[in-house]
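What follows is a short report on a single structure.
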Amino acid sequence: MMNKEFVSINRYKVQFTIITAFILSLLIIVIIYDSNKQTLQAKITNAANANKPQGISTDNSALAMMESVQNLLSELKSDPNNYDLIVQAGNAFFDIGRYQQAIQYYKKAVQIQSVTELYVDMGVCYFNLGHLDSALTIMNEGIKTSPNHKQGLYNIGIVLYNLGDTDGAVLKWQQLIKAHPNTAEAIRVQQYIDEIKNVQTGT
């Protein structure tokens, strides 16, 4: 009896050790997966600003940029419906990180002339303000007349990814690759797709 009990106790110890090791292995895998996913999400999120509207040069000092904004606003007072000035004001506010003001001017601009780029830029503003649903709605509205718009597809994919719709993001990026092969954006989103697959498979 003594020997049998001893063997039984040792067997349980071995089983406990195996189970513990297995659980620890699973925890390590989950931690690595979560870390990889967070790293990828940060990378894709940061890419949302990869193509900022071409307004005031970001190389200028903050003071010079603010002076340029004030000059634009002064010109708009004299000519409030000038489409070009309105777009420039939106871009200028975007460049200094005043996204709410940028949205106001972009909205006014698209009322005068519906341009896909303006909707996409407006969507990026909403994204930067943390309003992802509004960003997606605005960008989708913008590409209705231009469904293969390169920057639109690129940024919609980023928004979808940050909303947790990885499959939707991949579909948009695959559409971009098909419509604009060998472009810098196509190469970049293919890297995102590959990294997503690596994270999902744990490789």
Side-chain angles (χ1 to χ4, degrees), residues 41-58 65 68-69 72-73 75-76 79-193:
Q41 181 155 2
K43 181 178 180 180
I44 292 176
T45 301
N46 291 336
N49 285 324
N51 288 307
K52 298 171 70 175
Q54 296 301 311
I56 301 169
S57 172
T58 53
M65 293 177 75
S68 296
V69 171
L72 277 170
L73 296 180
E75 290 184 62
L76 274 169
D79 192 3
N81 295 316
N82 186 307
Y83 173 80
D84 291 333
L85 288 176
I86 293 169
V87 172
Q88 288 177 46
N91 290 343
F93 277 117
F94 185 109
D95 286 335
I96 62 175
R98 300 284 186 86
Y99 301 117
Q100 198 62 59
Q101 289 95 325
I103 288 170
Q104 294 174 6
Y105 284 98
Y106 287 143
K107 281 183 176 180
K108 189 172 182 180
V110 296
Q111 289 175 352
I112 299 172
Q113 185 176 338
S114 182
V115 177
T116 299
E117 284 78 7
L118 296 178
Y119 282 100
V120 174
D121 293 343
M122 199 189 319
V124 174
C125 289
Y126 277 114
F127 179 89
N128 288 332
L129 289 169
H131 305 314
L132 274 63
D133 289 329
S134 295
L136 184 61
T137 299
I138 291 294
M139 289 182 186
N140 279 326
E141 179 68 24
I143 68 168
K144 279 183 178 179
T145 57
S146 184
N148 287 323
H149 189 272
K150 184 171 58 178
Q151 196 61 34
L153 293 173
Y154 179 87
N155 283 332
I156 288 172
I158 289 174
V159 176
L160 286 169
Y161 183 85
N162 281 273
L163 282 168
D165 186 359
T166 302
D167 292 339
V170 169
L171 284 174
K172 287 297 179 184
W173 290 334
Q174 287 174 335
Q175 184 179 343
L176 187 160
I177 292 168
K178 184 177 180 181
H180 307 280
N182 303 318
T183 60
E185 289 82 0
I187 294 169
R188 196 176 302 127
V189 297
Q190 183 60 63
Q191 292 173 346
Y192 296 157
I193 292 170

- Item | Close side-chain approach of F93 and L72, heavy atoms under 4.5 Å | no
- Item | Passing candidate, side chain to side chain contact (heavy atoms under 4.5 Å, CB included) with L160, options L171, N155, D167, D165 | D165
- Item | Distance, nearest 0.5 Å, that separates CD of Q190 from CG of N182 | 11.0 Å
- Query: Would you say the side chain of E75 lies within less than 4.5 Å of the side chain of N82, judging by non-hydrogen atoms?
  - Reply: no
- Do T137 and Y126 come within less than 4.5 Å of each other through their side chains, counting heavy atoms only? no
- Interatomic distance, CD@E141 vs CG@L136, rounded to 0.5 Å, equals 11.5 Å
- What do the steps show when you test Y119 against K144 for side chain to side chain contact (heavy atoms under 4.5 Å, CB included), and what is the final call? CA-CA 11 Å; Y119 282 100; K144 279 183 178 179; over 6 Å; no
- Query: Going from CD1 on I156 to CD1 on I138, what distance comes out if it is rounded to the nearest 0.5 angstrom?
  - Reply: 11.0 Å
- Task: Taking all non-hydrogen atoms of both residues into account, name the closest pair between V120 and G152 and its distance.
- Result: CG2-CA, 3.7 Å
- Item | Heavy-atom check, side chain of Y83 versus side chain of V115, under 4.5 Å | yes
- Message: Any side-chain to backbone donor/acceptor pair from H131 onto S134? Under 3.5 Å, distance only.
- Response: no
- Report the distance from atom NZ of K150 to atom CD1 of I177, rounding to the nearest 0.5 Å. 13.0 Å
- Item | Test log, rule side chain to side chain contact (heavy atoms under 4.5 Å, CB included), inputs Y161 and Y192 | CA-CA 10 Å; Y161 183 85; Y192 296 157; over 6 Å; no
- Message: Could you check whether any side-chain N or O of T116 sits under 3.5 Å from a backbone N or O of I143, counting only pairs where one atom can act as donor and the other as acceptor?
- Response: no
- Message: I'd like to know if the side chain of K108 and the backbone of P80 have a donor-acceptor N/O pair within less than 3.5 Å.
- Response: yes
- Query: Among L118, I112, V110, which one satisfies side chain to side chain contact (heavy atoms under 4.5 Å, CB included) with I86?
  - Reply: I112
- Item | Nearest heavy atoms of G90 and A102, plus distance in Å | O-CB, 3.4 Å
- Task: With side chain to side chain contact (heavy atoms under 4.5 Å, CB included) as the test, would you mind laying out the steps for D121 and Q151 before giving the verdict?
- Result: CA-CA 9 Å; D121 293 343; Q151 196 61 34; 6.0 Å; no
- Message: When you measure from the side chain of H180 to the backbone of N148, do you find a donor-acceptor pair of N or O atoms at a distance under 3.5 Å?
- Response: yes
- Under 3.5 Å, is there a donor-acceptor pair between the side chain of Q175 and the main chain of P147? yes
- Message: Side chains of F127 and L132, heavy atoms from C-beta outward: is any pair under 4.5 Å?
- Response: yes
- Task: Flag the pair V189 / L153 as yes when at least one side-chain heavy-atom distance between them is below 4.5 Å, and no otherwise.
- Result: no
- Query: Quick one: are the ring centres of F94 and Y99 less than 6.0 Å apart?
  - Reply: yes
- Look up atom CD1 in I193 and atom CD in Q174, then write down how far apart they are to the nearest 0.5 Å. 5.0 Å
- Side-chain heavy-atom pair Y105, L73 within 4.5 angstrom cut-off: yes
- Task: Over all heavy atoms of both residues, which pair between A169 and G157 is shortest? Give the atoms and the distance, please.
- Result: CB-O, 3.2 Å
- Considering non-hydrogen atoms only, spot the tightest contact between V87 and A109 and give its length. CG2-CB, 3.9 Å
- Task: Drop me the distance from E185's CD to W173's CH2, to the nearest 0.5 angstrom.
- Result: 13.0 Å
